[in-house]
Protein chains: 2
Amino acid sequence: MARRYDHSREELLQMAIQAARSLIIEEGTKALTVRKVATKMGYAVGTIYNLFNNVDDLIIHLNATTLDALHNNLTTIVFSGNVESDIKKLSHSYIDFTFQNLNLWNALFEHSLPKGETLPDWYNKKIDLLLNIVEAALAPLKTTISEEEIKKAARVLWSSLHGICSLATADKLKIMTKDPAIELSNSLVTNYIAGLQQFK
Amino acid sequence: MARRYDHSREELLQMAIQAARSLIIEEGTKALTVRKVATKMGYAVGTIYNLFNNVDDLIIHLNATTLDALHNNLTTIVFSGNVESDIKKLSHSYIDFTFQNLNLWNALFEHSLPKGETLPDWYNKKIDLLLNIVEAALAPLKTTISEEEIKKAARVLWSSLHGICSLATADKLKIMTKDPAIELSNSLVTNYIAGLQQFK
DNA sequence: TTGACAATTGAACATCGTTCATATAACTCT
DNA sequence: AGAGTTATATGAACGATGTTCAATTGTCAA
């Protein structure tokens with residue numbers, strides 16, 4: 001059979017990504033195989049390779065939807081203008097997201113490209129958009145800190161939060177309270193921002 | 001052939017781990033296969049399964065040697081008693097280590113256990129030993145901060161540093177200077193510790 | 001010398017990512 | 001309407017993977 005036109009190319013792309021998404025949600029990163037994605041779509045293996053270069057390409061597109069979902073989540077937050085409080089809102093949402101989408105979030109970082117390859121520009125732009133949200137929350141500091149410093153602070157907070165979630169979900173730093181990630185991130189945010197402001 | 005006794009069980013374990021190590025160093029995580037490890041040792045595939053339960057078990061043992069190497073690296077540092085300066089020494093060593101052992105370090109975090117399984121206790125103890133080093137560097141703060149708070153701070157710093165290295169090596173937050181990881185970690189350490197101390 | 005034991009082997013199995021010659025549905029043109 | 005072209009879809013086939021286990025064979029104690 002060929003050219004069924006049951007679905008447009010765009011629909012097929014979405015179907016493949018959704019199939020991959022549900023596989024990962026239900027069974028984790030290792031459960032994602034090209035054959036299972038194809039079966040779940042009701043198409044043959046080869047079809048996947050009409051849509052994506054290879055399985056890495058598929059995973060990148062899947063991960064992109066996770067970045068989008070996170071982005072949507074974080075943009076619902078309304079800033080008060082109080083930097084510490086706003087950054088805490090962001091970080092709590094981030095932490096909620098990672099714990100509610102554990103397998104999808106792990107897929108973001110467990111995946112590594114074949115050596116030599118780099119992530120596509122459109123993907124990196126999505127990461128920039130997330131950083132922009134943090135920068136926006138830090139914006140009130142502009143009166144006392146340079147634009148450059150704010151960019152740096154956004155990256156520090158973002159990376160650190162990533163590290164906390166990464167170790168809190170995958171492993172165990174669980175010696176703390178019932179919700180170690182929140183606890184650690186609050187400590188990070190409070191003290192880091194206090195440090196930033198004390199030099200004004 | 002059988003029972004060659006060319007090597008003791010302990011020797012075989014070390015040979016397997018070393019073979020796996022060099023495969024990852026030279027070619028990255030994806031280049032690690034049971035067959036290649038066996039070939040590199042001069043043994044048959046099946047022998048690996050006399051030594052390890054499965055490939056995950058082998059990787060955990062390999063990763064443990066990486067943790068040991070990092071531990072050895074960090075314990076050579078002599079503390080001055082100045083917390084900020086000592087934590088910076090630690091973080092710079094950590095960053096050096098990750099960049100000089102990129103593939104090994106990535107293997108630590110790219111690897112995920114089959115679902116339901118957890119890391120063995122002896123492995124988690126190695127992580128605790130690393131956290132202990134950070135706690136030791138923070139010890140002078142005991143006069144102004146509770147033991148509990150110091151443990152928390154060690155975990156915040158450790159996780160955050162991990163996050164910074166993770167995003168700096170694998171991806172790109174490269175908008176900053178020639179050495180973004182150092183730059184970000186310095187900002188983290190300076191401001192976080194300033195925050196901790198300002199409440200004394 | 002013999003028998004029991006333990007270490008080592010590698011063929012076999014199911015599954016994986018990927019390729020590509022083949023088949024056919026849909027569109028174009030006369 | 002019919003013929004020719006193009007784009008899409010297929011799935012058998014390939015090489016490589018992790019893992020198992022019956023068979024083989026070196027080593028030791030009796």
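Within every chain, numbering begins at 1; the chains are lettered A, B, ... in the order of the sequence lines, protein sequences first and strands thereafter.
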Pairwise 5' ranking along DNA chain C for A/Asn50 and A/Lys36, keeping only the more 5' one: A/Lys36
Measure from [atom1] on [X] to [atom2] on [N] and round the result to the nearest Å.
{"X": "A/His111", "N": "C/dG17", "atom1": "NE2", "atom2": "P", "value": "12 Å"}
{"X": "B/Arg9", "N": "C/dA7", "atom1": "CZ", "atom2": "P", "value": "8 Å"}
{"X": "A/Leu51", "N": "D/dA7", "atom1": "CG", "atom2": "P", "value": "16 Å"}
{"X": "B/Asn53", "N": "D/dT19", "atom1": "CG", "atom2": "P", "value": "10 Å"}
{"X": "B/Lys30", "N": "D/dG18", "atom1": "NZ", "atom2": "C1'", "value": "17 Å"}
{"X": "B/His7", "N": "D/dG26", "atom1": "NE2", "atom2": "C1'", "value": "16 Å"}
{"X": "A/Asp6", "N": "D/dA9", "atom1": "CG", "atom2": "P", "value": "8 Å"}
{"X": "A/Tyr43", "N": "C/dA23", "atom1": "OH", "atom2": "P", "value": "21 Å"}

Taking the six-membered ring for Trp, are A/Trp105 and A/Tyr94 parallel (under 30°), tilted (30 to 60°) or perpendicular (over 60°)? perpendicular
B/Leu74 versus B/Phe97: any side-chain heavy-atom pair under 4.5 Å? no
D/dT10, D/dT19, C/dT18: which one has an atom nearest the side-chain heavy atoms of A/Thr47? D/dT10
Looking at the side chain of B/Ala44, which of C/dG10, C/dT18, D/dG11 is the nearest nucleotide? C/dG10
Classify [X] by what it touches in the nucleic acid, base, sugar-phosphate, or nothing, heavy-atom distance under 4.0 Å.
{"X": "B/Leu58", "answer": "nothing"}
{"X": "B/Ile48", "answer": "nothing"}
{"X": "A/Leu32", "answer": "sugar-phosphate"}
{"X": "B/Thr33", "answer": "sugar-phosphate"}

Following the transitive rule for hydrophobic clusters with a side-chain heavy-atom cut-off under 4.5 Å over Ile, Leu, Val, Met, Phe, Trp and Tyr, establish whether A/Leu113 and A/Phe52 coincide in one cluster. no
Can you get from B/Ile60 to B/Leu13 by hopping between Ile, Leu, Val, Met, Phe, Trp and Tyr side chains that sit under 4.5 Å apart? no
If every non-hydrogen atom of B/Gly28 is compared with every non-hydrogen atom of B/Asn103, which pair is closest and at what distance? N-ND2, 3.6 Å
salt_bridge(B/Lys142, B/Glu149) N-O dist < 4.0 Å: no
Polar atoms only, N or O, under 3.5 Å: list the protein pairs with nucleotides 12-14 of chain D and their distances.
{"from": "D/dA13", "atom 1": "N6", "to": "A/Arg35", "atom 2": "NH2", "distance (Å)": "3.3"}

Atom NZ of residue position B/Lys30 - does it have more than 12 heavy atoms of other residues, nucleotides or ligands inside 6.0 Å? yes
